[in-house]
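Structure record follows, encoded as structure tokens.
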Amino acid sequence: MTNNHVRISQLKDHIGSEVLLKGWVYQNRSSGKLIFIVIRDGSGLCQCVIEKTSFNPEIFDQLSRLGQESSMMISGLVRAEPRSIGGYELAATDAAIVCPTTDYPITPKSHGIDFLMKHRHLHLRSQRQWCIGKVRHTVIDAIRRFFNDNGFTLIDTPIFTTIAGEGEQTLFEVDYFGRPLHLAQTGQLYLESAAMAYGKVYCFGPTFRAEKSKTRRHLTEFWMVEPEVAYIDLPGLLEIAENFVSSIAARVLADNRAELEFLGADIPSLEKIKPPFVRLTYTQAVEILTGPRTQEFLAKQLQEFQAQRKNMEDKIAELEALVAGQSSKQWQKDKAAAEIIDLRTELEELNARIENNPKHAVLAADFRWGKDLGGSDETIISLMHDKPVFVTHYPKDAKAFYMRTDRTNDKVVENFDCLAPAGFGEIIGGSVREDEYDRLIERIKHEGYNPEGYDWYLDLRKYGSVPHGGFGLGVERTVAWLTGEKHIRQCIAFPRMMDKVVI
RNA sequence: UCCCCGAUAGCUCAAUCGGUAGAGCGAGCGGCUGUUAACCGCUAGGUCCUAGGUUCGAAUCCUAGUCGGGGAGCCA
């Protein structure tokens with residue numbers, strides 16, 4: 001057996017040579033005198049072809065019954081083969097089994113989310129998870145690249161913190177040698193002081209929120225990157241944010257096209273992610289939501305859903321007739337039965353959307369200026385645009401104390417949310433910070449906080465205060481949006497959800 | 001915290017009106033020289049979530065509980 005160990009991702013450079021692959025059995029099909037083993041090595045997949053006539057009979061026999069996820073090494077000649085996954089194939093000449101496996105729990109058939117979460121340590125090996133992990137890696141690298149290339153300095157802010165960024169009820173409290181502290185839900189306040197030292201800074205790390213939110217957009221532990229810039233206004237922040245998000249999308253398109261294709265991501269729509277993004281004020285967003293455009297949009301959406309439901313129901317009826325009839329072979333019936341199960345699941349999701357549509361219409365129509373935008377409102381706005389949307393200038397009362405009051409309209413603050421397109425929703429929240437001492441202390445008191453707890457934060461408004469601001473981008477939400485993944489729990493290796501920490 | 005849905009083989013799901021438990025995959029054995037979630041034959045595999053109740057009879061109906069999924073509020 002050759003010692004020329006090559007990773008599958010590098011096979012293109014070794015066509016015609018003898019190489020050694022080290023990995024795990026992803027799929028094994030034996031056909032009497034021929035075995036196809038798809039091997040997985042962490043860098044990709046490669047089909048190995050093992051012919052009985054040119055192989056040690058004992059090893060051939062062992063290989064023919066080798067279970068999924070057995071670890072093995074296999075050597076042979078690399079050749080281009082368009083029929084094969086990845087485009088290359090190994091004509092195997094020798095193999096060694098490292099650890100045979102039987103009864104691997106995650107089979108090539110479908111599994112429920114609960115089962116997969118309980119087997120998360122194994123699920124990471126699955127192709128879908130692997131692709132998401134690769135995209136996440138690129139997203140994180142692109143985030144660091146963007147800030148490092150644009151003059152930002154990394155500041156690591158503490159995880160044990162003494163002050164809250166926003167609402168106090170959403171913090172995890174920890175016992176810090178008898179003193180109550182909590183886990184960071186933002187690095188922003190610390191970052192503001194660093195921005196006065198370095199001009200442009202960012203922090204990047206895990207963030208903790210004790211929100212009792214059981215939705216596809218929430219984790220209790222997630223990763224967030226937060227830039228903070230001195231001497232900047234709201235238009236300046238929006239410009240950074242749109243360049244930033246566009247650079248992430250471009251990097252993922254460049255580095256992970258194969259993964260995006262496997263995941264079924266909407267690549268053409270990602271290619272549209274370029275500055276400028278759409279800019280709406282909160283007031284304009286409210287006008288859209290309460291206006292005829294939204295009602296028409298939702299009515300049209302409902303019609304589309306209903307047409308889809310009709311199609312699905314017809315298809316299910318057709319397949320059910322096939323299963324009940326006499327004319328088909330058993331395997332055709334089995335296949336149809338499996339398809340019925342999939343369609344029923346889809347139908348259930350569609351029914352939920354049909355049920356929610358009128359509720360969302362009412363929520364949007366009844367929206368009153370002053371409330372924060374709800375999840376469904378954000379979804380509607382983002383579905384109406386094929387680029388990310390900035391919504392700016394929210395009502396002051398709905399937002400955090402540190403956001404800068406608009407000097408031309410003191411009912412609103414200079415903040416913004418960035419809504420990803422296709423209905424995914426918010427991926428960025430940010431603002432210009434209140435830089436006047438008197439206004440800030442007034443806001444702190446108005447919120448009922450004790451100004452003493454904010455002494456050092458208020459100092460920043462005493463000693464050379466300047467207009468400044470920043471934003472936070474959620475990594476898992478960004479990955480979910482880019483990959484088309486519905487739930488962000490798939491976008492982090494070991495998710496922490498409300499009331500649920502499996503591994 | 002509130003609303004909706006669900007729990008049947010290792011996994012994904014069936015089971016008509018309440019009549020005594022089925023299929024695919026996976027596992028084991030056999031067959032097949034180009035398979036793509038391969039295919040064909042055979043074998044093993046069940047405390048129908050738990051506790052009560054209705055009934056001659058409950059996977060199926062009722063009550064309570066447990067666990068899970070989806071959504072709302074809130075947010076990245």
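Here is how names work: the chains are called A, B, and so on, in the same order as the sequence lines, proteins then strands, and each is numbered from 1.
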For atom [atom1], what is the distance between [N] and [M], given to the nearest Å?
| N | M | atom1 | value |
| --- | --- | --- | --- |
| B:C5 | B:G45 | P | 37 Å |
| B:G6 | B:C49 | C1' | 11 Å |
| B:C11 | B:G68 | C1' | 16 Å |
| B:U55 | B:A15 | P | 28 Å |
| B:U47 | B:G10 | P | 7 Å |
| B:C48 | B:G30 | P | 34 Å |
| B:C17 | B:C56 | P | 22 Å |
| B:U12 | B:U8 | P | 8 Å |

Given RNA chain B, 5'-ward residue of the pair A:Gly375 and A:Ile488, judged by closest heavy atom |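 The residue closer to the strand's 5' end, by nearest nucleotide, is A:Gly375.
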Closest-nucleotide ordering on RNA chain B, the 5'-leading residue of A:Met117 and A:Met224 = A:Met117
List, with names and distances, any nitrogen or oxygen atoms from the protein found under 3.5 Å away from nitrogen or oxygen atoms belonging to nucleotides 28-30 of chain B.
unit_1 : atom_1 : unit_2  : atom_2 : d
B:C29  : OP1    : A:Arg65 : NH1    : 3.4

In terms of the angle between their ring planes, are [X] and [Y] parallel, tilted or perpendicular, with boundaries placed at 30° and 60°?
| X | Y | answer |
| --- | --- | --- |
| A:Phe115 | A:His119 | tilted |
| A:Trp223 | A:Phe204 | perpendicular |
| A:Phe146 | A:Phe152 | tilted |

Answer yes or no on whether A:Lys200 is positioned over the face of A:Tyr202, meaning its NZ or CZ is under 6.0 Å from the six-membered ring centre and within 45° of the axis.
->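 Because its charged atom misses either the 6.0 Å distance or the 45° angle limit, A:Lys200 does not stack over A:Tyr202.
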State, yes or no, whether a side-chain contact exists between [X] and [Y] at a heavy-atom distance under 4.5 Å.
| X | Y | value |
| --- | --- | --- |
| A:Met403 | A:Glu434 | no |
| A:Phe390 | A:Arg279 | yes |
| A:Thr207 | A:Arg209 | yes |

Roughly how many Å is it from [atom1] in [X] to [atom2] in [N], rounded to a whole number?
| X | N | atom1 | atom2 | value |
| --- | --- | --- | --- | --- |
| A:Lys371 | B:A72 | NZ | P | 14 Å |
| A:Asn415 | B:C75 | CG | C1' | 13 Å |
| A:Asp114 | B:U8 | CG | P | 11 Å |
| A:Glu476 | B:C75 | CD | P | 19 Å |

Of the listed nucleotides B:A76, B:G69, B:G71, the one nearest the side chain of A:Arg489 =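 Between B:A76, B:G69, B:G71, the one nearest the side chain of A:Arg489 would be B:G69.
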Could you pull out all residues at least two apart from A:Arg136 that satisfy side chain to side chain donor-acceptor pair (under 3.5 Å)?
->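 With sequence neighbours excluded, A:Arg136 shows a side chain to side chain donor-acceptor pair (under 3.5 Å) to A:Glu476, given in chain and number order.
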Write out a two-atom table: protein N or O, nucleotide N or O from nucleotides 46-49 of chain B, distance below 3.5 Å.
none

Is RNA chain B part of any stem, that is, at least 3 consecutive Watson-Crick or G-U pairs with both distances under 3.5 Å, and where?
-> B:1-7 with B:66-72, B:10-13 with B:22-25, B:27-31 with B:39-43, B:49-53 with B:61-65
Donor-acceptor contact present, side-chain [X] to main-chain [Y], <3.5 Å:
| X | Y | value |
| --- | --- | --- |
| A:Thr186 | A:Gln188 | yes |
| A:Asn28 | A:Leu66 | yes |
| A:Asp397 | A:Gly370 | no |

Would you indicate what [X] reaches in the nucleic acid, counting non-hydrogen atoms under 4.0 angstrom: base, sugar-phosphate, or nothing?
| X | answer |
| --- | --- |
| A:Asp372 | sugar-phosphate |
| A:His487 | sugar-phosphate |
| A:Gly112 | sugar-phosphate |
| A:Ile427 | sugar-phosphate |
| A:Lys214 | base |
| A:Glu378 | base |

Per-nt protein contacts along nucleotides 32-37 of chain B (heavy atom under 4.0 Å; B base, S backbone sugar-phosphate only, - none) come out as BBBBBB
Does A:His111 make a side-chain donor-acceptor contact with the base of B:C11, cut-off 3.5 Å?
->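 There is none.
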Just jot down the side chain to side chain contact (heavy atoms under 4.5 Å, CB included) partners of A:Pro108, sequence neighbours excluded, or say none.
-> A:Gln68
Given A:Arg83 and A:Glu81, is the salt bridge (Lys or Arg N to Asp or Glu O under 4.0 Å) satisfied, shown in steps?
-> CA-CA 6 Å; A:Arg83 281 177 297 183; A:Glu81 172 55 74; 3.0 Å; yes
Residue of the set A:Asp372, A:Asp417, A:Asn415, A:Thr281 for which side-chain hydrogen bond (donor to acceptor under 3.5 Å, both in side chains) holds with A:Tyr394 = A:Asp417
Mind running salt bridge (Lys or Arg N to Asp or Glu O under 4.0 Å) on A:Glu426 and A:Arg217 for me, showing each step along the way?
-> CA-CA 9 Å; A:Glu426 184 179 350; A:Arg217 297 210 262 258; over 6 Å; no
No-hydrogen, no-angle side-chain donor-acceptor test under 3.5 Å, A:Arg40 and A:Gln127 =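 No, no side-chain donor-acceptor contact under 3.5 Å.
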Planes under 30° and centres closer than 5.5 Å, is that true for A:Phe222 with the base of B:A76?
-> yes
